[in-house]
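To start, the structure under review is shown below, and the notes come after it.
Just so we're on the same page: letters track the sequence lines, and every chain starts at 1.
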Protein chains: 2
Amino acid sequence: MGKITIQEVAQAAGVSKATLSRFLNQNYSHMSEKTRQRIAETVKAMDYRPSRRAQSLKTNHSRLIGIMIADISNVYVSLLLKGITSYLKTRDYQTLIMESGNSLEQEQQQLNQMLDQSVEGIILQPNSRKSSDYDFIAAATVPLVLIDRETWPPQWDTIVTNNFHASYLLGQQAQWSLKPYTMGLVVSENIHAVSTREQRLAGFIEGVAPLNVETLELQDIATLGDRVVELVEQKEHPLIFANNGQVLAAILQIVQTLTLKIPIDVGVAGYDDWNWAGLVSPGISTIEQHPDKIGYLASQTLVKLIQSPDQSEVARIHSYPATIKLRSSI
Amino acid sequence: MGKITIQEVAQAAGVSKATLSRFLNQNYSHMSEKTRQRIAETVKAMDYRPSRRAQSLKTNHSRLIGIMIADISNVYVSLLLKGITSYLKTRDYQTLIMESGNSLEQEQQQLNQMLDQSVEGIILQPNSRKSSDYDFIAAATVPLVLIDRETWPPQWDTIVTNNFHASYLLGQQAQWSLKPYTMGLVVSENIHAVSTREQRLAGFIEGVAPLNVETLELQDIATLGDRVVELVEQKEHPLIFANNGQVLAAILQIVQTLTLKIPIDVGVAGYDDWNWAGLVSPGISTIEQHPDKIGYLASQTLVKLIQSPDQSEVARIHSYPATIKLRSSI
DNA sequence: CTGTTAGCGCGTTCAA
DNA sequence: TTGAACGCGCTAACAG
């Protein structure tokens, strides 16, 4: 609510709004040196700043970018945001950040609110796997870049981790274990909801082949604990694989509660968003993503799209390599 | 860029903009049932949504709230944001989130950008300790609520953790150690930069009294490690206290590298933003804050302020209690 | 019950 | 070199 308007400043400087506007937009070409000086002084003195919403109404440039993520308290996401904002800051864009809470309905509703606020582009961690669910964004001629998850068929530029390959490589490590594994146990949240989780599972399965792989959706800690106990009692030697950082934390908690030895009783590995798993005894082998890089790349891509919307004809999937940290847990 | 305007919809429905506007604002009182139906249909058919920036230009309500935090990748902050957005969502506010990077200059610049975007209120984790540094926000008649850190003299509503008291209580626990501590060692980032850190230090000092307390600013891991080694070699038994989660992580890493035993060689405790320290052997005693609650409270306070700006006469400092988790590390 | 009109704060012709 | 006048999309008097 910068109370003071261009009109008042113009009056104070003894010129018209038009002249002042030219000054603000660096149109000095048609202006005497004297008036320019005078305007500069009054603007500074009155500490005047033009209103973006009025500007944008005229120019159609809000300098607002919408960011829609699933869960803002997720560590992966916060690093993602770091990367995004660090780039957009340099380009003088502001970020309208919203959270879908993993609900498609909320997501759609809030995406619409973003459009209402006239964002110039959107970065989205999608809850839906159908590309067409986001057609309405294109209809509003707002560029869209997806992040962390893919939709089908390919229609939007997308930046993801090389989930399949990284999980594959980690799975391969099971071969070098001193005490051979008898099976894999992949623990994940609701696995078919998003492409990312499926790809991690698929990569792992292929990596540990020909080992049998069991999949366990993480409902509550107790059920997971029970299953692990069962397996150990059956003399299995499972390699437990966590599909994300939260799941990894849960697994470690269970293993500790049950006082199982890693990697003697069970092997443990997985995706680590915290970069903390190295501190947990005996050092957990993990896959580290680089969300900051992904965020940076996504915002770069988006800004390019904003500046030349014609390029958006071909959707490119860019997959960013994860880093595998081998420690003593497998 | 919702290309389609109220004008076009009005035309399609065979009414004037004014009538359509009344419909959009639920002013059905003066409207025939027939036209109302007709308008409803066309609006739905054309999937029309009014532009917020045009609306706001007229009504002075952008429904935008500015959130300015120091470091978005910080876990504490991400939970803070969770609390903030979860409340604002219910009140139909959108959040413009920016990051100061712990730089006062950037902070001031970006706060101005927020005002340019006509935010209706601001939640700020301040980099400055001087209340007057934020006078320009009041000058723009935009309500302001501070979070996590205090400024002096009291001038803005503020929500913080009860840092002094929580640290005091934790310090007291040193008395019950089996092997008596000979000193305290507080590790912190740049300690006098923000009120929060000073208060944690002060509380701890009073808590462990009459023990002597040494303060160490965390520059790099190596220096910290060297100092710890020195102390142990001098037969000291220090209680190391981490001023925040990042510092705690660093300390644990060092202790592990040096293969020191907790709590035999050193005691370790501190603020834990991750809620992970319970997993690290032998269980680290920590102070857990409740950033989500703080964020929720702050946004509630702000919305109240927006709705009745007169209340802002008295600045209230609200201090929210932390939870102390005693484990085996001290 | 509905349309006409006048701005909100700014950028941009078109004349002067 | 400058200013008057119009319009961006919308809301809100004021008429009718």
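Under the 3.5 Å distance criterion, the side-chain polar atoms of Ser21(A) are left unmatched by any main-chain donor or acceptor of Lys17(A). Looking only at distances, no side-chain donor or acceptor of Ser132(B) sits under 3.5 Å from a matching main-chain atom of Asp135(B).
The pair Arg52(A)-Asp92(A) counts as a salt bridge, with a side-chain nitrogen and a carboxylate oxygen less than 4.0 angstrom apart. Using a cut-off of 4.0 Å between Lys/Arg side-chain N and Asp/Glu carboxylate O, Arg49(A) and Asp116(B) are scored as salt-bridged. Here Arg129(B) does not pair with Glu150(B) in a salt bridge; the nearest charged N to carboxylate O distance is not below 4.0 Å.
Rounded to whole angstrom, the span from the CD atom of Gln11(A) across to the C1' atom of dA4(D) amounts to 15 Å. Residue Asn27(B) contributes atom CG, which lies 10 Å from atom C1' of dA12(D) at whole-angstrom precision. Between the CD atom of Gln7(A) and the P atom of dA5(D) there is a distance of 13 Å, rounded to whole Å. If you measure from atom CG of Leu57(A) to atom P of dC10(D), you get 9 Å, rounded to the nearest angstrom. The interatomic distance linking Asn60(B) (CG) with dC10(D) (C1') rounds to 13 Å, in whole Å. The CD atom of Gln37(A) sits 16 Å away from the C1' atom of dT1(D) (whole-angstrom rounding). Note: NZ (Lys58(B)) to P (dT11(D)) measures 10 Å, nearest angstrom. Counting to the nearest Å, the P atom of dG9(D) and the OH atom of Tyr48(B) are 10 Å from each other.
Within the 4.0 Å cut-off from OP1 or OP2 of dG11(C), at least one side-chain nitrogen or oxygen of Gln55(A) is found. Close to dC10(C), at under 4.0 Å from its OP1 or OP2, lies no side-chain N or O of Ser21(A).
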What does the list of N/O pairs under 3.5 Å between the protein and nucleotides 13-16 of chain D look like, with a distance for each?
| residue | atom | partner | partner atom | Å |
| --- | --- | --- | --- | --- |
| dA13(D) | N6 | Arg22(B) | NH2 | 3.3 |

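The residue Thr35(A) sits close only to the backbone: its heavy atoms come under 4.0 Å of sugar-phosphate atoms, none of a base. Using a 4.0 Å heavy-atom cutoff across all strands shown, Phe23(B) reaches no nucleic acid atom at all. Within 4.0 Å of Ser32(A), counting heavy atoms only, lie sugar-phosphate atoms of the nucleic acid but no base atom.
Heavy-atom minimum distance, Ala315(A) versus Asp157(A): CB-N, 4.0 Å.
Listed candidates were dT11(D), dG11(C), dG3(D). Nearest to the side chain of Thr59(A) is dG11(C). Comparing dT4(C), dT11(D), dG3(D) by their closest approach to the side chain of Leu24(B) singles out dT11(D).
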Check step by step if side-chain contact (heavy atoms from CB on, under 4.5 Å) holds for Phe23(A) and Met31(A). CA-CA 8 Å; Phe23(A) 172 85; Met31(A) 200 180 310; 4.2 Å; yes
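In terms of position on DNA chain C, the residue among Ala54(A) and Arg38(B) whose nearest nucleotide sits closer to the 5' end is Arg38(B).
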